[in-house]
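Heads up, the thing below is written out as structure tokens.
We count ligands from 1, going down the list as the structure has it; atoms in each ligand are counted the same way.
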Amino acid sequence: MKLKTLAAASTASLAALALLTASGMALGTASMRREVMCLFNMVREVRSIMELEVHVLSHERENARVALTQRPEHAHARDAAEREVKRWMEELRANPVTADNAPAFSAAETEVERYLAAHAKAGGVAPPSTADLAASSREADGAYAALERLLSAKLEEAQVARARVDRVSRLSNAMSVAAVLALLAGTLATLWQIRRCLYRPLLALRAAIDRYGAGSHDARAPHGGLDELREIAVAFNEMAAALAEQRRKQLGILASVAHDLRNPLAALKLTVDRLRPDRPLPPEQQLRPMLARIGKEAARCDRMLTDLMDIARIEGGELELRSEVRDARELAREVVELYRPAATAHELGLSLPEGPVPLRCDPIRIEQVLNNLVANAIKYSPGGGAVQVAVAREGAEVTIAVSDRGVGIAREDQGRLFERYFRAPSSGRVAPGVGLGLWAAQRIAEAHGGRIEVTSAPGEGSTFTLHLPG
Ligand code: ADP
């Protein structure tokens, strides 16, 4: 999984959960509000009905008092009760009538109106007669009974509404708890995913880097977590493996140089032993070759150490050229003459043009390249044979080609010859080496604006050609 995907998935799931929770809560609150409003209206209706009952009773009572005492305050109280009856009737009509209690409502309305109509027919404000009182009382009983029926219908309806409110409240509570739990679970799942894919792999990577930094070169980062972290871990492991391989090769070079240095040093020691202070000096004709040998072996050690330092310099990008104009024929001749005495099994040949071949170069470095090419030509033709060094001018270029009739190089290896530490499996077995000579030679040729090319056939020999701008 990619970091972008994890971030997008976490944000989207948390946002969806939050939205779900919020809309669930809003829905619960809205339906609670609706049910509570409904209950509130019913309470108002119940109150209106009860007020109506009270005022119908009060109207009837005051009417009876008027008949008995004929006092005007009772007539006023009766009229006030009548106004109240009408007012509460209006109030009741203003409330919504549900289909269930519509018959009870219209029956109560009719009965109340009939009662008021009977009272008006009996003379309204005048003291009622006994017969009128009896008729009015019957009408009042009818209205009261109708109001009672409406009241019980309303109370029943209120019970149902209350049960509904309880249900909605329980449902809304359950929904809120479920939404909060889902939000909590979503947050925990996101945190767990972040810990699993991001935090722990990061810690493991950091620990591997720390271990590597503390000197444990076999420390490797585990490949886990997000794609980006896995890529970093793979890159770190590849880098650590490459460094380990380079270290191994560098140690190999050191071991090989130390081994190579032992031969000239052993020869030097043997020769110097013969010149110990407690022994008489040998005669001059023996002394001179011994001193020449000491000089030769010391020069060999010096050359090996210079080569090693050059490699270090090239690796560090510090190759410095001291250019001057030299005759390329002279450089080739010097190298061949250097190797001729030692290469007794080989026929070292030189092919030079007639006139001088001027070349602007660092002669020490170019000799180093030619030394390497000639040394390889001898080294990789163990059976002896011709080794030819040919100088030529080709257009704007000067070429120096070194050919041998040695083991040759397989075609598939030729492209990799100038890589650092590469040794061709076919020819590498023939002689010891570390695979740095051609790499250094190619870097030197490139520093001069030139290159080295190879043509070779296995079993037939090879030609390495140094091309330099003339
Ligand atoms: P080294 O000789 O120390 O291995 P070089 O960089 O000089 O290193 O050479 C790299 C490889 O190229 C050698 O290991 C060998 O396989 C191949 N090679 C170089 N010169 C020749 C040659 N003249 N004939 C055959 N193979 C050669």
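- Annotation: salt bridge (Lys or Arg N to Asp or Glu O under 4.0 Å) contacts of Glu367 (sequence neighbours excluded): none.
- For Arg200, the CZ atom sits in a loose shell: 12 or fewer heavy atoms of surrounding residues, nucleotides or ligands are nearer than 6.0 Å.
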Let me have the donor-acceptor pairs involving side chains of residues 400-409, under 3.5 Å, with sequence neighbours excluded, atom names and distances please.
{"residue": "Ser403", "atom": "OG", "partner": "Thr463", "partner atom": "OG1", "Å": "3.3"}
{"residue": "Asp404", "atom": "OD1", "partner": "Gly406", "partner atom": "N", "Å": "2.8"}
{"residue": "Asp404", "atom": "OD1", "partner": "Ser462", "partner atom": "N", "Å": "3.2"}

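- Protein residues lining ligand 1, listed by chain and number: Asn372, Asn376, Ala377, Lys379, Tyr380, Asp404, Gly408, Ile409, Leu417, Phe422, Arg423, Ala424, Ser427, Gly428, Gly433, Val434, Gly435, Leu436, Gly437, Leu438, Ser462, Phe464 [non-hydrogen atoms, distance under 4.0 Å].
- Between Lys379 and Pro432, the closest heavy-atom pair is NZ-O, 3.2 Å.
- Residues Arg411 and Gln414 bring no donor and acceptor atom of their side chains to less than 3.5 Å of each other.
- Among pairs with a residue in residues 422-449, those fulfilling salt bridge (Lys or Arg N to Asp or Glu O under 4.0 Å) read Arg443-Glu446, at least two apart in sequence or across chains.
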